[in-house]
Amino acid sequence: MRKKIVAGNWKMNTLLKDGMELAKAVEKLEKEKRSDALVIIAPPYTHLSRVNDLIDSVKLSAQNCASEESGAYTGEVSPDMLVSAGVEYVIIGHSERRSYYGEDNELLNKKTKLALSKGLKPIFCCGEVLEEREGGALFDVIREQLNVGLADLTKEDISRVVIAYEPVWAIGTGVVATPDQAQEMHKFIRDLLVDLFDKKVAENMTILYGGSCKPSNASELFANPDVDGGLIGGAALKAEDFLAIVNSY
Ligand code: 13P
């Protein structure tokens, strides 16, 4: 049985004090959850170490990491630093990193391999923009993102990766993918994993959906056989909403 996960990506939101309150509230509600989904939160870098002291059942993720191990890279945060702050997961290749910071598939592959070598579990994001979907290139785009982004990973490596499918047109727009659109792409990704690795890897892979997922639409998305949870943005900033999504299972 593959793991169900609901992860909250806080993006560049909350000051330290509010972030600590939110983490405490998520931890408290997680204890009462009615679902077996693993709950992960990804606060900003500045909050990680403090938040780590406040959570136990809830797991900690960073939103990004450096592609280099250490040294003269001003402003970067290395995987080792994240591990030393208690971080277990790291989001890699979010569409905002791809589009605003020019992170390409090769760089994301480098980050993924480095993060894995340091013991982190990557939440590797992929997703197409609206023009790519409308122009019919959506499957080629996702294939390329995963072919290159997950290149050279061993089967042991890939067993520690979570994939998040986040159609860019659904992120922060209020336009959610239909359950059929989500299922179609998640199935495509799982089939691709059979080609890239093998059937066992594909069957065990947790594939999350992200993009305008809310308490009101989570259960119909999660009801799909290949949707194993969600990567939540806006709705993860309120503990009640976030846990309502977790309880949608
Ligand atoms: P929203 O849930 O705000 O659309 O964001 C999704 C996302 O980007 C999560 O990483």
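One-based numbering, in listed order, for ligands and for the atoms of each. As the structure is a prediction and not an experimental result, all values here were calculated from the model. Just so you know, these numbers use all the heavy atoms, side chains as well, and skip hydrogens, waters and symmetry mates.
Of all atoms in ligand 1, numbered sequentially from 1 with element shown, those under 4.0 Å from a heavy atom of Glu166 are 6 (C), 7 (C), 8 (O), 9 (C), 10 (O). Atom numbering of ligand 1 starts at 1 in the shown order; those under 4.0 Å from a heavy atom of Gly211 are 4 (O), 6 (C). The contact set between ligand 1 and Ser212, taken as ligand atoms under 4.0 Å from a residue heavy atom, comprises 1 (P), 2 (O), 4 (O). Close approach to Ala170 involves these atoms of ligand 1, each under 4.0 Å from a residue heavy atom: 4 (O). Distances below 4.0 Å separate heavy atoms of His94 from the following atoms of ligand 1: 7 (C), 8 (O), 9 (C), 10 (O). Within ligand 1, counting atoms from 1 as listed, the ones closer than 4.0 Å to a heavy atom of Gly234 are 1 (P), 2 (O), 3 (O).
Salt bridge Lys17/Glu21: absent, no basic N to carboxylate O contact under 4.0 Å.
Taking hydrophobic clusters as Ile, Leu, Val, Met, Phe, Trp and Tyr residues chained together by side-chain heavy-atom distances below 4.5 Å, Met205 does not share a cluster with Leu231. Under the 4.5 Å side-chain contact rule for hydrophobic residues, Ile41 and Leu38 do not share a cluster. Under the 4.5 Å side-chain heavy-atom criterion for grouping Ile, Leu, Val, Met, Phe, Trp and Tyr, Ile91 is not connected to Leu114 through any hydrophobic cluster.
A donor and an acceptor atom, one from each side chain of Asn52 and Ser49, are nowhere located under 3.5 Å apart. Under the 3.5 Å distance criterion, with hydrogens and angles disregarded, no donor-acceptor pair is assigned to the side chains of Gln63 and Trp10. Using modelled atom types and a 3.5 Å distance limit, the side chains of Glu166 and His94 yield a donor-acceptor pair.
The part of Asn9 lying near ligand 1 is the side chain, judged by heavy-atom distances below 4.0 Å. Under 4.0 angstrom from ligand 1, there are no non-hydrogen atoms of Cys125.
Residue contacts with ligand 1: Leu231 is placed with no nitrogen or oxygen under 3.5 Å of a nitrogen or oxygen of the ligand (distance criterion only).
Using bins of under 30°, 30° to 60° and over 60° for the plane-to-plane angle, the ring pair Phe188/Phe139 lands in the tilted bin.
Gly233 N, 2.9 Å is the protein heavy atom nearest to atom 2 (O) of ligand 1. Protein heavy atom closest to atom 5 (O) of ligand 1, with residue, atom name and distance, is Lys11 NZ, 3.3 Å.
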